[in-house]
Amino acid sequence: MTEVSLSDVSLSDLFERQVRRTPDACAIEHGEGALTYAELLRHSTALAAELHAAGVGPEHVVGLDLPVGPRLVATMLAAGRLGAAFLPLDQRDPRSRRDHLLADARPAAVVVQDGLLAPDSPPQRLLDRVPSVASPAAYLNYTSGSTGEPKGVVNEQHAIVNYIEAAIAEYRLAPADRQLQFSSIAFDIALEEVFTALGSGATLVLRDEDFRYEDVEDFLRLVDKRGLTVVNLPTGVWNQLGRALRQVPHVRLPAAVRLMIIGGEAAGPDAAEAWHAAAVHPEFRIVNTYGPTEAAVAVSFAELTAGGPVTIGRPIRGVGLVAVDADLRTVPDGEIGELLISGIAPARGYLDRPDETAARFGTTADGAEGRWFRTGDLGRVRPDGLIEFRGRADDQVKVRGGFRVEPGEVGNALLTHPGLVEVAVLPVDLGAGRALAAFVVAVDAAAPPRAADLRDHLAARLPDYMVPASFTPVAAIPLTDRGKVDAAVLRALLSEVRSHPESSGSVADAVRESWAAALGGEPEDESADFFDDGGDSIAAVEFLGQLRSRLGQAPPLRELYRAPRFGDVVRQLTQDPTDSSVTAV
């Protein structure tokens, strides 16, 4: 682990240094609007004055309950100027979810599009709730909790500043670069997108409502239209688009794209080959990042080459990353162990959860330098020193492109439905990637709740990525001889449903089978909506690919978005085959 010196530098300081270098350069583009570095500084300075007047001070939380745009970025900077931490909220999450997080965080102020909101309860300093490790709090993120409640993670300035500086160097970012802000603002990858751009003098291009794509060609057209040089994607999205690229070998990346950054889950070697094959820029690179919410975005980098190994690389400066056994002893190279992060990266801890903080964070362990965090991830160190990711040691999973979820939280929310008495929620591998599957025991076994009703129930309580892709009624949850949920039996049941749906060989049956393969469950009737049934852009691409393999044709993706009901899709596929709204293989 390379030593680094701790300092009082904050994310706001990194930005202000760049303002002094390039005050008139473009800092942010959003739709048709833009702000220079100097204009963004003035905006954030004015917001800092408003927050200060509202009583915001060091170690307070500032909630960001507003859409992605210049005001959100300026508020992040303003909070840092006051020594406060910011909590980004995704506007796509249910109102009840955002209210719950704000109630738990106890902010001193909540910034909305039209002003500031005072909290319902007195604010509390983070320092009084989670003792400081080495520097002021920088931001608060929530990760899914095994107790059924999301838990706040307090990351400090020294950790995130160290990461941003290391990332700028690894990505070779410069003022000529234009980087896309793509991820959910509540996902810490978004912080990397924002602050590596603003710390290097690059232009941050915020994703707006016009950035809607139907397939990989549309996605790259939008990338080209915005003149992007750097694209940062959740690995699940990158994997899916990479698979789609293999089906359209004539498609090329825009010539300006020199770097793709991915992170959030395991990268596929086939996707890496496809992206490299489509590259035009002579110095095109793919960098894979690894890191949990509890360690300031990421702790390692790996360059992925065509035909090369897929690893999470080596730790960044100031960080240790080793594989350990149950007693926290380093395992020999080549053996699988739990990944342990140490040094400057680990977070302060979990908000108001001292016992959980003590169980996952510490200061003495074999192979660790200074403070450490037990990730729950499995990995091994190769002979060349590169680290391979080997999955999770516990039940926590990443779904929908990298969102980290505890199935227990989803199960607890599902049990609040009055029609259910027992549930089990498991991660499953669908054609579209990693997803959640729910198995439910109904109060009335003869009339279980409809899947659509269960989805609506959860959609009012949880983010969309936490809503399972399928709901399977069962008479009872099977248990192993040790009294645990028999996940193997449930997964086999789901696999049987997906692999052997009743079929007469009709177009409708092909659509039903493809639907089940992409979402993990069949449509209930003709009115079933693909996206209401748990589909997203990744699942949609998988669904259409399944249709092509069964029927030799599929509607364009834009038609699925326009008419997503089961009956609509069947009608499109049974109309005149010369109609241009259906595309053949």
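Quick caveat, the model's predicted, so the values are computed rather than measured. Both backbone and side-chain heavy atoms feed into the values below; hydrogens, waters and symmetry mates do not.
Salt-bridge check for R226 with E29: failed, with every basic side-chain N at 4.0 Å or more from each acidic carboxylate O. A salt bridge links D65 to R95: one of the charged nitrogens lies within less than 4.0 Å of a carboxylate oxygen. Using a cutoff of 4.0 Å between basic side-chain nitrogens and carboxylate oxygens, D532 and R455 are not scored as salt-bridged. We find that D224 and R221 are not joined by a salt bridge, their nearest charged nitrogen and carboxylate oxygen being 4.0 Å or further apart.
One side chain, D509 or S506, offers a donor N or O that lies under 3.5 Å from an acceptor on the other.
R285 meets the side-chain contact (heavy atoms from CB on, under 4.5 Å) test with E170, R172, L259, V287, E303; sequence neighbours excluded.
Classification of the H417-H457 ring pair by plane angle, with boundaries at 30° and 60°, yields perpendicular. Ring pair F219/Y213 is perpendicular by interplanar angle, where above 60° counts as perpendicular and below 30° as parallel. Ring planes of F86 and Y139: parallel class, angle under 30° (limits at 30 and 60°). Ring geometry for F530 against F543 counts as parallel: the plane angle stays under 30°, on a 0 to 90° scale with 60° as the upper cut.
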I'd like a table of donor-acceptor pairs (distance under 3.5 Å, sequence neighbours excluded) in which one partner is a side-chain atom from residues 245-256, with atom names and distances.
from	atom 1	to	atom 2	distance (Å)
R252	NH1	P249	O	2.8

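Taking the ring centre of F182 as origin, the terminal cationic atom of R207 falls inside the region bounded by 6.0 Å and 45° from the ring axis.
Y290 has its ring centre no less than 6.0 Å from the ring centre of F301.
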